[in-house]
Amino acid sequence: MHGESTRRDMPGRLLRLLSLLQSRREWSGGELAERLGVSDRTVRRDVDRLRALDYPVAGTTGTAGGYRLTSGGNVPPLLLDDDEAIAMAIGLATGTGGGVAGMAENSMRALAKLEQVLPARLRPRLAAFTSATAAVPHRHLAPPVDPAVLAVLASCCRDQEIVSFDYQRRDGETSTRRVEPYNLVTVHGLWYLLAFDPDRADWRTFRVDRIGAPLPTHRRGTPRELPATDAATYLTHAFAGARYRHTARITVALPADTVRAGLFATIPGEIEQHGPRECTIRLSADSPELVVQFLAAIAALGAEFGVEAPEEIAVRLRTVGHGLAATPPSAPGMELGC
């Protein structure tokens with residue numbers, strides 16, 4: 001009876017096996033057997049059945065052996081559960097921005113294909129989302145990134161595979177880097193690669209729009225523990241401690257937490273608490289305009305503050321101040337929502 005049940009469940013089990021092989025680069029036979037609730041022998045037979053259907057499943061032997069889906073002549077069906085299908089559809093529907101070249105057109109084409117095969121039970125969920133949301137176009141601060149570069153880096157992050165690439169620094173110099181990629185993070189429309197650099201024995205962040213010709217090395221990196229709760233937190237702390245070309249120091253008569261809560265975005269610098277009602281902010285950025293923008297946001301908090309800044313930033317601050325002083329108040333009845 002058990003053999004008959006195994007044969008009866010085989011079509012669904014083959015689909016689950018194919019779905020597992022698509023979800024990550026490699027599985028051991030024991031892991032697949034545990035996920036599918038069958039024996040190692042059944043897994044081997046099911047793998048042979050997939051190969052007979054022309055799905056390129058590669059296998060390695062030994063203690064570190066396992067199975068992985070390789071590239072081949074046939075594209076296997078993409079198997080998604082309900083939540084995965086909705087997440088993909090929402091991602092495509094909102095993928096018109098994000099700083100990736102060609103994303104808008106490609107997202108709409110892919111979404112049209114996905115909607116054609118989306119089960120009827122899922123269509124109301126997607127329709128509810130798309131009818132209740134809207135997006136404000138984002139003004140990107142950097143050139144759009146190449147989706148092919150993102151795809152290579154994402155694959156190497158997933159597989160913990162060492163990757164090499166050409167990297168252009170802020171000063172325009174280019175060097176070849178070889179790193180252990182950890183994660184991709186997007187901040188204010190910019191994409192960053194967080195990776196461990198063995199040559200420098202430390203973690204590093206790289207602007208993806210400055211990365212060229214990424215090449216997987218087909219070598220796995222050393223598993224490492226990130227010195228933060230997650231990649232986004234690490235990047236936030238790294239930006240806060242970074243020093244760029246233009247820096248200003250501001251003392252504000254407000255607690256640090258009040259300043260953080262009142263700003264529209266994470267500031268490019270550090271905030272230190274001094275006493276119960278005062279903090280010091282160090283702003284640092286590549287352009288004086290960006291420093292002045294954040295200074296204006298801090299001034300809008302309505303508290304007394306003092307600024308220490310180089311003349312280039314001070315001149316821009318005085319220009320902004322004179323312009324605001326010369327601006328007449330708005331006419332009665334005018335209101336700007338925010």
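Just so you know, these numbers come straight off a predicted model, no measurement behind them. The analysis underlying the following values was restricted to heavy atoms, covering all of them including side chains, and did not include hydrogens, waters or symmetry mates.
Remark: side-chain polar atoms of Gln273 are paired, donor with acceptor, to backbone N or O of Ala256 under 3.5 angstrom. At least one donor-acceptor pair under 3.5 Å links the side chain of Thr217 to the backbone N or O of Ile162. In terms of modelled atom types and a separation under 3.5 Å, the side chain of Trp191 and the main chain of Leu150 share no donor-acceptor contact. Panel note: side chain Glu161, backbone His218; a donor-acceptor pair is recorded below 3.5 Å. Under the 3.5 Å distance criterion, the side-chain polar atoms of Arg220 are matched with a main-chain donor or acceptor of Asp159. Side-chain atoms of Glu308 do not come within 3.5 Å of backbone N or O of Ala248 as any donor-acceptor pair. Panel note: side chain Tyr167, backbone Arg207; a donor-acceptor pair is recorded below 3.5 Å.
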Next item on the list: I would like to know whether Leu21 and Leu17 meet side chain to side chain contact (heavy atoms under 4.5 Å, CB included); could you show each step before the answer?
Entry: CA-CA 6 Å; Leu21 291 172; Leu17 173 58; 4.2 Å; yes

Next item on the list: Show the numbers, then the answer: is there a side chain to side chain contact (heavy atoms under 4.5 Å, CB included) between Phe165 and Val179?
Entry: CA-CA 9 Å; Phe165 51 80; Val179 302; 3.7 Å; yes

Next item on the list: Step by step, work out the salt bridge (Lys or Arg N to Asp or Glu O under 4.0 Å) result for Asp202 and Arg200.
Entry: CA-CA 5 Å; Asp202 200 2; Arg200 292 157 179 79; over 6 Å; no

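Asp46 and Arg49 are joined by a salt bridge, as a carboxylate oxygen and a charged side-chain nitrogen come within less than 4.0 angstrom of each other.
Annotation: salt bridge (Lys or Arg N to Asp or Glu O under 4.0 Å) contacts of Arg35 (sequence neighbours excluded): none. Residues that satisfy the ring-ring contact (aromatic ring centres under 6.0 Å, His included) test with Tyr182, not counting sequence neighbours, are Trp203. With sequence neighbours excluded, the residues that form a side chain to side chain contact (heavy atoms under 4.5 Å, CB included) with Pro288 are His246, Glu312, Ile313, Arg316.
Applying the 6.0 Å contact sphere to CD of Glu311 captures more than 12 heavy atoms from other residues, nucleotides or ligands. Atom CZ of Arg219 has 12 or fewer heavy atoms from other residues, nucleotides or ligands within 6.0 Å. Atom CD of Glu289 is surrounded by more than 12 heavy atoms from other residues, nucleotides or ligands within 6.0 Å. Open room surrounds CZ on Arg249; 12 or fewer heavy atoms of other groups in view lie less than 6.0 Å from it.
Taking each heavy atom of Ala303 and Ala253 in turn, the nearest pair found is CB-O, 3.9 Å. Across every non-hydrogen atom of Ile250 and Leu283, the tightest pair is CD1-CD1, 3.5 Å. The two residues Pro198 and Glu180 have their closest heavy-atom pair at CG-OE2, 3.8 Å.
Applying salt bridge (Lys or Arg N to Asp or Glu O under 4.0 Å) to Arg177 and the options Asp197, Asp166, Asp199 leaves one that passes, Asp197.
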